[in-house]
S.K.: 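Here it is, the structure in full.
Every value quoted in this text rests on a predicted model; they were computed, and no experiment measured them. Per chain, numbering begins at 1; letters A, B, ... match sequence-line order.
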Amino acid sequence: MSVRVRFAPSPTGFLHIGGVHTALFNWLFARHEGGEFRLRIENTDTSREVAEATEQIQDSLRWLGLDWDGEVTFQLDRMERCREEAQRLLAEGKAYEDDGAIRIRMPDEGVTAWDDLIRGRIDYPNEKLEDLVLVRADGRPTYNFASPVEDRLDEITHVLRGDDHISNTPKQIRILEALGAPLPAYGHLANILGEDGKKLSKRHGATSAEEFRAQGYLPEALVNFLALLGWSYDDKTTIMSRGELVERFTLDRVGASPAIFDFKKLEWMNGVYLRALPPEEYADRLVAYLREQGYDWDDQLVRKAAPLVQEKISTLGEFPKFAGFLFARSSGQPVALPDVAEALEAVDPFSAEAIEAALRRFAEQQGLKPREAFQPIRLAVTGSTVSPGLFESLELLGKEETLARIGGSGRGEASGSSAR
RNA sequence: GGCGCAUUCGUCUAGUGGCCUAGGACACCGCCCUCUCACGGCGGCGGCACGGGUUCGAAUCCCGUAUGCGCCUCCA
């Protein structure tokens with residue numbers, strides 16, 4: 001029998017990174033096994049549903065490259081089927097009515113157990129199992145009823161979900177048994193926590209796929225990083241392409257203990273992916289990202305700036321702060337560096353190479369170490385002590401704009417202000 | 001409180017009884033490279049939660065304790 005798994009988020013907002021992790025492990029497992037990965041929206045609780053969430057979740061999944069098989073299904077559409085199943089249990093005496101709701105009869109002794117795909121055998125004492133509500137008085141099925149019924153309808157073979165579901169599993173197993181349905185295998189993934197060991201929340205930083213995207217993370221980096229939270233290939237491999245991940249992913253190497261989300265490591269990994277991109281593609285991605293974020297900077301100039309920053313920034317989101325000076329015009333209040341202006345005025349063509357030669361000569365004449373000479377220029381021109389390579393930056397800026405920023409070329413009167 | 005799950009460097013992890021004086025990566029520190037930043041190179045700091053067993057031998061198996069997390073809803 002071929003593998004079929006599902007990812008079943010509830011549409012209450014953006015796709016949380018914990019959800020992405022669960023989706024990823026299901027997807028990797030399905031793809032590795034040559035099986036199917038289904039997407040199911042659990043929208044039984046209409047009061048908590050957020051209108052755009054269903055679309056946003058799919059957008060995030062698409063962005064991450066986690067493609068699903070078949071149509072997206074909605075729990076709400078299968079309510080009728082759930083009611084029928086409940087009626088059947090009622091007729092068979094396996095369930096009973098109580099205040100208008102339908103409850104299932106649970107055993108009160110013995111244990112319900114299963115061999116968890118990730119944790120091994122788990123025993124759950126039946127005395128802890130209540131006669132839980134299957135269908136509410138208003139006719140809506142509860143989550144713990146709808147979920148297993150749908151797993152059966154979809155012929156799900158493996159249920160991989162968060163470990164917060166461990167105590168739901170015995171309930172769902174009992175329901176499936178009452179229905180006479182075959183049981184899927186269950187595996188419970190450990191949660192992802194914030195730096196303080198608490199549940200990952202807003203105060204830890206980005207928590208949704210959307211936010212990581214907006215901050216300029218690459219989906220392939222996020223996927224690689226998340227795959228390594230609770231799973232590993234061996235004792236030294238960390239950078240793996242999507243294809244390698246699929247090829248190598250197996251459940252027996254998934255761990256059971258919770259992992260803390262290390263933003264620093266993700267940032268490092270994103271930098272690795274960014275630097276590895278062919279220059280052309282790097283420029284494409286940068287342009288697309290800036291567009292998405294609402295910048296209206298000249299595409300051609302962005303493309304020219306791309307190679308200057310590729311080795312230096314670890315998220316696309318750092319670009320505006322790091323290279324934004326290339327896209328502004330001199331505000332007319334230049335920092336006066338008359339000697340430098342003079343040295344630069346004669347440079348022709350105004351190329352990085354020629355600029356470097358001129359500036360090094362200048363430094364030597366002044367008896368300054370390179371860094372002593374260049375740092376004031378950097379500050380005057382870029383407005384920061386940290387920037388892309390100085391000579392390349394000046395070339396992109398052009399002679400006129402460069403001189404305007406250091407008070408040369410007769411423009412922008414020297415105001416007496418010095419470089420700090 | 002009850003039940004369940006978890007516990008190797010600060011973090012992610014390798015480790016399935018001898019290969020472990022516990023390996024790798026991120027972070028951190030130092031040095032080198034260098035126009036800043038970053039990259040890269042080299043080196044360093046740092047861990048088997050605790051206590052009992054089992055065994056010739058335990059990070060690895062068992063029991064207990066502690067700590068953390070989850071669930072105990074006609075939420076999902």
S.K.: Answer with yes or no whether A:Lys265 presents, from its side chain, a donor or acceptor under 3.5 Å of a partner atom in the base of B:A25.
M.R.: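 In this structure, the two groups form a donor-acceptor pair.
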S.K.: Are A:Glu84 and A:Arg88 close enough for a salt bridge, meaning some N to O gap below 4.0 Å?
M.R.: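 The answer is no: the pair does not qualify as a salt bridge.
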S.K.: Pairing check on B:U73: which nucleotide meets the Watson-Crick or G-U wobble criteria with it, both distances under 3.5 Å?
M.R.: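 Across all strands, not a single nucleotide pairs with B:U73.
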S.K.: Quick one: do A:Lys321 and A:Glu318 make a salt bridge, cutoff under 4.0 Å?
M.R.: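 Salt bridge absent between A:Lys321 and A:Glu318.
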S.K.: For atom P, what is the distance between B:C42 and B:A25, given to the nearest Å?
M.R.: 10 Å
S.K.: Base, sugar-phosphate or nothing for A:Phe261? Non-hydrogen atoms, less than 4.0 Å.
M.R.: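 Touches nothing.
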S.K.: Should B:C50 form a Watson-Crick or G-U wobble pair with both distances under 3.5 Å, which nucleotide is its partner?
M.R.: B:G64
S.K.: Looking only at atom C1', what distance separates B:U7 and B:G51, rounded to whole Å?
M.R.: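 Their C1' atoms lie roughly 15 Å apart.
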S.K.: So for atom NZ, which belongs to A:Lys304, do other residues, nucleotides or ligands contribute more than 12 heavy atoms lying within a distance under 6.0 Å?
M.R.: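 Not buried by this count: 12 neighbours or fewer within 6.0 Å.
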S.K.: Side-chain donor-acceptor contacts of residues 184-192 of chain A below 3.5 Å, not counting sequence neighbours, with atom names and distances?
M.R.:
{"residue": "A:His188", "atom": "ND1", "partner": "A:Asp116", "partner atom": "OD2", "Å": "2.6"}
{"residue": "A:His188", "atom": "NE2", "partner": "A:Thr169", "partner atom": "OG1", "Å": "2.8"}

S.K.: Which nucleotide sits closest to the side chain of A:Lys198: B:U36, B:A14, B:G68?
M.R.: B:G68
S.K.: Can you identify which nucleotide, out of B:A27, B:C35, B:A76, has its nearest atom closest to the A:Thr142 side chain?
M.R.: B:A76
S.K.: Do A:Glu150 and A:Arg40 meet the salt-bridge criterion of a basic N to acidic O distance under 4.0 Å?
M.R.: yes
S.K.: Does B:C37 have a Watson-Crick or wobble partner in any strand here, with both distances under 3.5 angstrom, and which is it?
M.R.: none
S.K.: Closest to the A:Glu311 side chain: B:C39, B:A6, B:C74?
M.R.: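 The closest nucleotide is B:C39.
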S.K.: Which nucleotide, in any strand shown, forms a Watson-Crick or G-U wobble pair with B:U55, with both distances under 3.5 Å?
M.R.: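 B:U55 is unpaired by these criteria.
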S.K.: Is a salt bridge present between A:Arg38 and A:Asp69, judged by a nitrogen-to-oxygen distance below 4.0 Å?
M.R.: no
S.K.: As a test of reading the structure: which of B:A6, B:A76, B:C3 is closest to the side chain of A:Tyr124, going by heavy atoms?
M.R.: B:C3
S.K.: Would you mind classifying the nucleic acid contact of A:Asp99 as base, sugar-phosphate or nothing, using non-hydrogen atoms under 4.0 angstrom?
M.R.: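 The residue A:Asp99 makes base contact.
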S.K.: B:C5 base to A:Arg119 side chain: any donor-acceptor pair below 3.5 Å?
M.R.: no
S.K.: Is there, by distance only and without an angle test, a donor paired with an acceptor across the side chain of A:Lys312 and the base of B:C37 below 3.5 Å?
M.R.: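 Donor-acceptor pair under 3.5 Å: yes.
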S.K.: Using the P atom as the point on both nucleotides, what is the distance between B:U55 and B:A49, in whole Å?
M.R.: 23 Å
S.K.: Counting only heavy atoms and a strict 4.0 angstrom limit, can you tell me which residues of residues 347-362 of chain A come near RNA chain B?
M.R.: A:Arg360
S.K.: For A:Asp234, give me all partners under salt bridge (charged side-chain N to carboxylate O under 4.0 Å, His left out), at least two apart in sequence or on another chain.
M.R.: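 So A:Asp234 forms no salt bridge (charged side-chain N to carboxylate O under 4.0 Å, His left out) with any residue.
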S.K.: Check this for me: does the side-chain of A:Asn168 come within 3.5 Å of the base of B:A76 through a donor and an acceptor?
M.R.: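 For A:Asn168, whose side chain was compared with the base of B:A76, there is a donor-acceptor pair (under 3.5 Å).
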S.K.: Report the nucleotide, chosen from B:A76, B:C35, B:C71, that has the shortest atom-to-atom distance to any side-chain atom of A:Ser167.
M.R.: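 Closest nucleotide among those given: B:C71.
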